[in-house]
Amino acid sequence: MTINDSTYTTETAKTKRRLYMELENCIGCRSCLAACTQCGGHEQRNRNYVYDVNPLVNRQTMPLMCLHCVDPACARSCPAQAIQIHETGAVLSALVEKCIGCQNCTIACPYGIPKFDEEENLMYKCDLCIDRTKDDIPPMCASVCPSNTLQWLTEEEIAEKQNRHDLDNEKWVTSMPYLEGETNVKVNLPGILQGTVKLF
């Protein structure tokens with residue numbers, strides 16, 4: 001089910017921005033996690049993750065946010081239609097009045113994103129700070145990231161980055177068929193796979 005917002009116009013869609021992730025830039029500061037708790041409607045609950053990639057070998061970390069799939073498995077698996085998709089493409093947390101606490105979504109998500117609050121019997125997840133992003137304001141995580149791991153870019157800006165690191169094999173940005181399906185959040189493959197070295 002898609003939520004329509006009168007403030008989201010056709011003109012807005014033309015200049016649509018996406019959350020863009022350059023995973024290798026992550027320095028493990030976890031500013032994104034702290035900022036997530038401050039987003040309106042998050043009730044001071046963090047909705048994202050920062051992983052230690054290989055803690056016994058190095059200090060490399062990697063953020064993991066909801067990729068806001070175009071055809072999200074979490075929403076497809078929900079028998080109560082509690083997970084709605086905003087017309088901007090953001091996949092929202094379960095509606096309190098509809099969520100039945102079955103946790104199908106937590107099992108269905110191929111990236112392990114949805115979290116379940118057992119006390120409230122409710123699923124919650126990254127909603128791309130919809131109160132901000134629907135007005136083209138960067139999500140909290142991207143607004144505080146000091147290393148440009150998380151960026152809020154237009155399609156044109158993402159295309160420029162792609163041209164700068166063109167592999168000529170369509171593997172520069174992880175998307176179909178490399179992920180579970182097409183996603184609204186774009187993820188840059190690490191430079192080591194591109195044969196390049198990038199500094200932010």
Side-chain angles (χ1 to χ4, degrees), residues 1-5 8 17-21 23 26 28 30-53 61-134 138-145 149-152 173-188:
M1 181 179 292
T2 301
I3 297 176
N4 292 319
D5 189 328
Y8 189 76
R17 292 178 184 267
R18 297 180 186 271
L19 181 63
Y20 164 78
M21 301 167 62
L23 301 180
C26 183
R30 290 170 170 78
S31 295
C32 54
L33 302 188
C36 183
T37 64
Q38 302 303 309
C39 189
H42 284 193
E43 299 175 349
Q44 296 189 332
R45 289 189 297 194
N46 170 41
R47 301 180 177 214
N48 299 316
Y49 305 85
V50 172
Y51 287 114
D52 293 304
V53 177
T61 52
M62 178 184 77
L64 182 59
M65 284 72 180
C66 177
L67 298 182
H68 297 277
C69 301
V70 173
D71 184 22
C74 60
R76 294 198 313 267
S77 70
C78 180
Q81 294 187 328
I83 303 171
Q84 301 193 348
I85 306 169
H86 193 270
E87 60 184 356
T88 59
V91 182
L92 307 180
S93 285
L95 294 171
V96 176
E97 62 272 20
K98 285 191 173 185
C99 182
I100 60 176
C102 66
Q103 301 188 53
N104 281 5
C105 54
T106 63
I107 298 170
C109 176
Y111 312 112
I113 295 297
K115 300 182 179 184
F116 187 74
D117 187 319
E118 294 186 358
E119 289 186 6
E120 295 189 18
N121 198 41
L122 179 70
M123 180 279 277
Y124 64 100
K125 58 175 285 299
C126 165
D127 57 9
L128 204 60
C129 294
I130 192 61
D131 59 324
R132 295 166 59 90
T133 54
K134 69 181 177 63
M140 291 295 286
C141 58
S143 69
V144 301
C145 180
T149 301
L150 305 172
Q151 302 173 46
W152 186 240
V173 176
T174 55
S175 187
M176 288 185 69
Y178 312 107
L179 295 179
E180 188 266 344
E182 184 181 358
T183 61
N184 284 301
V185 173
K186 299 302 178 185
V187 186
N188 181 11

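Note that the coordinates shown come from a computational prediction; the quantities given were computed from them, not determined experimentally. When reading the values below, keep in mind they use all heavy atoms of this one structure, side chains included, and skip hydrogens, waters and symmetry mates.
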Ignoring hydrogens, what is the shortest heavy-atom contact between [X] and [Y]? Give both atom names and the distance.
X: L92; Y: I83; answer: O-CG2, 3.4 Å
X: M140; Y: C39; answer: CG-CB, 3.7 Å
X: T37; Y: A34; answer: OG1-O, 2.6 Å
X: L23; Y: P63; answer: CD2-O, 3.9 Å

Rounded to the nearest 0.5 Å, what's the gap from [atom1] on [X] to [atom2] on [Y]? Could you check?
X: I107; Y: S77; atom1: CD1; atom2: OG; value: 8.5 Å
X: F116; Y: M123; atom1: CZ; atom2: CE; value: 10.0 Å
X: T133; Y: R18; atom1: OG1; atom2: CZ; value: 12.5 Å
X: C105; Y: K125; atom1: SG; atom2: NZ; value: 9.5 Å
X: Q38; Y: C129; atom1: CD; atom2: SG; value: 11.0 Å
X: L150; Y: S31; atom1: CG; atom2: OG; value: 10.0 Å

If we only count heavy atoms from C-beta on, is the [X] to [Y] side-chain gap below 4.5 Å?
X: C99; Y: N121; answer: no
X: C36; Y: C141; answer: no
X: C32; Y: M65; answer: yes
X: T88; Y: I130; answer: yes
X: P139; Y: L19; answer: yes
X: L128; Y: C66; answer: no
X: P79; Y: C102; answer: yes
X: V70; Y: T183; answer: no

Under 3.5 Å, is there a donor-acceptor pair between the side chain of [X] and the main chain of [Y]?
X: R76; Y: C74; result: no
X: T61; Y: G28; result: yes
X: Y49; Y: G112; result: yes
X: N184; Y: G89; result: yes
X: Y124; Y: A94; result: no

Picking from N48, V185, N46, what satisfies side-chain contact (heavy atoms from CB on, under 4.5 Å) with C126?
N48

E97, CD atom: more than 12 neighbouring heavy atoms under 6.0 Å
yes

Could you give all pairs that pass the salt bridge (Lys or Arg N to Asp or Glu O under 4.0 Å) test and reach residues 109-118, with sequence neighbours left out?
R45-D117

Which residue is it: H42, H68, Q84, H86? I am looking for the one with a side-chain hydrogen bond (donor to acceptor under 3.5 Å, both in side chains) to D127.
H42

Exercise: do S93 and R47 side chains pair donor with acceptor under 3.5 Å:
yes

